[in-house]
Amino acid sequence: MQDDNATTAAEQVATAPAAPRTPLRVVFMGTPGFAAVILRHLLEWDGCEVIAAYTQPDRPCGRGQQCRPPEVKLLAIEHGVPVYQPLNFKTEEAVAELRSLRPDVLVVAAYGLILPQSVLDIPRLGPVNVHASLLPRLRGAAPIQRAVMAGDAVTGVTIMRMEASLDTGPMLLQKAMGIDINDTAGDLHDQLADLGGRLLTVALGKLADGTAVVIPQDNDRATYAAKLTKADGLIDWNRPAAQVHAHIRGVTPWPGAYCTIQREGQKELRVSLAPGRIGPLRSDAPEYEGAAPGTIVGLVDEQLAIACADRLYLVDSIRPADRKPMDARAFLCGYLNACECDGGLAVCV
């Protein structure tokens, strides 16, 4: 949920300055959908000319292991922007090729490659990065997911000058955005990408007319957002329900939240869970108060109720391994053999 009234100390301006008389020569560097949204904003802004797009090489993905072009590449081709896909910038040839483009600015967003100082020194007005957090909080690869998983109420976007070290450069602009109690990482991804694209054009306009003000980051306040792995999806039911809810939302859509259900007399069943809602206190229902965390206690309001440290957590969509998602009652009947129940059906671990 976006909150345009939320601001931070580094926020400089509410509206973009006039586009520079001579459009900036911009080389864009990015790879996934987040970066493609940023690139689209640049392509629609009359203050720059995107003279090239750098993106990672096409790589096999999915069960068929067929190559899928990065989203930035597809968008660049659609708009007639030349595309470059070097493996890295460890060779002088790759650096020289970029230098020959004579960019005024490098704009980097979720590129996925570390840029050496020889690359950062090329653009006339410097390299600029779009980062999806309120720096110095959550430097690193997964700021959107980690903000949700931590239960943060606010996140945002920072436009910064790039340095050789990770996300440490001085800030040009920063704008905050609220996180709703039911926002997933996927929801915020799209909102922050759009906010980042709009904020970027403001920052570039200021760089072009010489009015940009840089604000150093406070390294003492820095935190790190580690890249997610599939293991991050495992739910810990021993935590309070609010933390479980934040965790599930933070790993949605990837890697997805999951647990393994132990059923008496049957083999373990791995299930994936969509975000649900925080249910009643266990102490308010004597029949659930003694249930161990992770216990599936039955249906509450037609949702599958699972005990957490303090409350029940209610989910209405469950997907058994290699099956389609199903509602709570269908899962209860089909996999726990308990269309009607009094509690203590199985345990999630």
*Leu172 side chain reached by Val214 side chain, heavy atoms, under 4.5 Å*: yes
*Going from NZ on Lys324 to CZ on Arg319, what distance comes out if it is rounded to the nearest 0.5 angstrom?*
12.0 Å
*OG1 of Thr295 to OH of Tyr288: how many Å apart, nearest 0.5 Å?*
12.0 Å
_Do Leu188 and Arg249 have side chains that approach each other closer than 4.5 Å (heavy atoms only, starting at C-beta)?_
no
*Answer yes or no: is there a donor N or O on one side and an acceptor on the other, between the side chain of Arg25 and the main chain of Leu101, under 3.5 Å?*
yes
*Quick one: CZ on Phe331 to CE on Met326, what's the gap to the nearest 0.5 Å?*
7.5 Å
*How long is the gap from CD on Glu97 to CZ on Arg99, to the nearest 0.5 Å?*
11.5 Å
*Side chain of Asp187, backbone of Thr184: donor and acceptor closer than 3.5 Å?*
yes
_Any side-chain to backbone donor/acceptor pair from Thr260 onto Leu269? Under 3.5 Å, distance only._
no
*Step by step, would you call Ile77 with Val83 a side chain to side chain contact (heavy atoms under 4.5 Å, CB included)?*
CA-CA 7 Å; Ile77 291 174; Val83 175; 4.1 Å; yes
*Should Ile261 and Tyr335 be marked as a side chain to side chain contact (heavy atoms under 4.5 Å, CB included) after you check the CA-CA gap, both sets of side-chain angles, and the distance that decides it?*
CA-CA 10 Å; Ile261 297 180; Tyr335 282 87; over 6 Å; no
*asked:* By the side chain to side chain donor-acceptor pair (under 3.5 Å) test, which pairs, at least two apart or in different chains, include something from residues 78-88?
replied: Asp58-Gln85, Lys73-Gln85
*Please name all residues satisfying ring pair (Phe, Tyr, Trp, His ring centres under 6.0 Å) with His41, sequence neighbours left out, ordered by chain then number.*
none
*ring-ring contact (aromatic ring centres under 6.0 Å, His included): which pairs involve residues 140-177, sequence neighbours left out?*
none
*Indicate, with yes or no, if Leu125 and Met29 share a hydrophobic cluster defined by side-chain heavy-atom contacts under 4.5 Å among Ile, Leu, Val, Met, Phe, Trp and Tyr.*
no
_Heavy-atom side-chain contact between Val81 and Phe28 under 4.5 Å_ = no
*Any link between Val128 and Leu192 through a network of hydrophobic side chains (Ile, Leu, Val, Met, Phe, Trp, Tyr) touching at under 4.5 Å?*
yes
*Between Glu44 and Arg198, is the closest basic N to carboxylate O distance under 4.0 Å?*
no
*Say whether Tyr258 and Val315 are linked into one hydrophobic cluster, either directly or through other cluster members, by side-chain heavy-atom distances under 4.5 angstrom.*
no
*Which heavy atom of Leu166 sits nearest a heavy atom of Gly140, and at what distance?*
CD2-CA, 3.9 Å
*Could you list the residues that satisfy ring pair (Phe, Tyr, Trp, His ring centres under 6.0 Å) with Tyr224, not counting sequence neighbours?*
none
*Could you pull out the closest heavy-atom pair between Ile318 and Pro320, with the gap in Å?*
O-CD, 3.7 Å
*In Å and rounded to the nearest 0.5 Å, what is the CG to CG distance from Leu138 to Asp167?*
10.0 Å
*Would you list the pairs meeting salt bridge (Lys or Arg N to Asp or Glu O under 4.0 Å) in which at least one residue belongs to residues 120-144, sequence neighbours left out?*
Asp104-Arg124, Arg137-Asp152
*asked:* I'd like to know if Leu24 and Leu43 are part of one continuous hydrophobic network [Ile/Leu/Val/Met/Phe/Trp/Tyr, side-chain heavy atoms within less than 4.5 Å].
replied: yes
*Arg323, CZ atom: more than 12 neighbouring heavy atoms under 6.0 Å*: no
*Indicate the atoms forming the closest heavy-atom contact of Leu173 with Ala203, along with that distance.*
CD1-N, 3.5 Å
*Are Val26 and Leu39 connected, step by step, through hydrophobic side chains (Ile, Leu, Val, Met, Phe, Trp, Tyr) whose heavy atoms are closer than 4.5 Å?*
yes
*asked:* Regarding Asp232 and Arg146, does a basic nitrogen lie under 4.0 Å from an acidic carboxylate oxygen?
replied: yes
*Listed by chain and number, what are the ring pair (Phe, Tyr, Trp, His ring centres under 6.0 Å) partners of Tyr111, not counting sequence neighbours?*
none
*For Asp316, check salt bridge (charged side-chain N to carboxylate O under 4.0 Å, His left out) against everything at least two apart and list the hits.*
none
*Kindly write out the residues that satisfy side-chain contact (heavy atoms from CB on, under 4.5 Å) with Pro32, not counting sequence neighbours, or none if the list is empty.*
Ala35, Ala110
*Which pairs count as salt bridge (Lys or Arg N to Asp or Glu O under 4.0 Å) when at least one residue sits in residues 292-311, sequence neighbours excluded?*
Arg277-Asp301, Glu302-Arg329
_All ring pair (Phe, Tyr, Trp, His ring centres under 6.0 Å) counterparts of Tyr313, not counting sequence neighbours_ = His245
*Which is it for Val37 and Asp190 under the side chain to side chain contact (heavy atoms under 4.5 Å, CB included) test, yes or no, and what are the steps along the way?*
CA-CA 8 Å; Val37 174; Asp190 297 342; over 6 Å; no
*Does Val251 reach the side chain of Leu228, with side-chain heavy atoms less than 4.5 Å apart?*
yes
*Can you name the nearest heavy-atom pair linking Val27 to Pro103, along with the distance?*
CG2-CB, 3.7 Å
*Ile181: which other cluster members, linking ILVMFWY side chains closer than 4.5 Å, directly or transitively?*
none
_CZ-OG1 distance between Arg161 and Thr168, expressed to the nearest 0.5 angstrom_ = 13.5 Å
*Provide the closest heavy-atom pair for Ala307 versus Ala292 in the form atom of the first, atom of the second, distance.*
CB-O, 3.6 Å
*Are the side chain of Gln303 and the backbone N or O of Gly276 linked by a donor-acceptor pair below 3.5 Å?*
no
*asked:* Less than 4.5 Å apart, side chain to side chain, heavy atoms only: is that true for Met177 and Thr155?
replied: yes
*At their closest point, which heavy atom of Arg239 faces which heavy atom of Cys308, and how far apart are they?*
O-CB, 3.4 Å
_Could you walk me through whether Ile159 and Val202 satisfy the side chain to side chain contact (heavy atoms under 4.5 Å, CB included) test, starting with their C-alpha distance in whole Å, then the side-chain angles of each, then the deciding distance to 0.1 Å, before giving a yes or no?_
CA-CA 10 Å; Ile159 311 297; Val202 177; over 6 Å; no
_Sequence neighbours excluded - ring-ring contact (aromatic ring centres under 6.0 Å, His included) pairs with any residue from residues 184-203_ = Phe34-His189
*Gln174 side chain to Leu135 backbone, donor-acceptor under 3.5 Å*: yes
*asked:* Is any side-chain heavy atom of Pro255 closer than 4.5 Å to one of Thr229?
replied: no
_Heavy-atom side-chain proximity of Asn219 to Pro136 below 4.5 angstrom_ = no
_Counting C-beta onward and ignoring hydrogens, is there a side-chain heavy-atom pair between Ile306 and Leu273 closer than 4.5 Å?_
yes
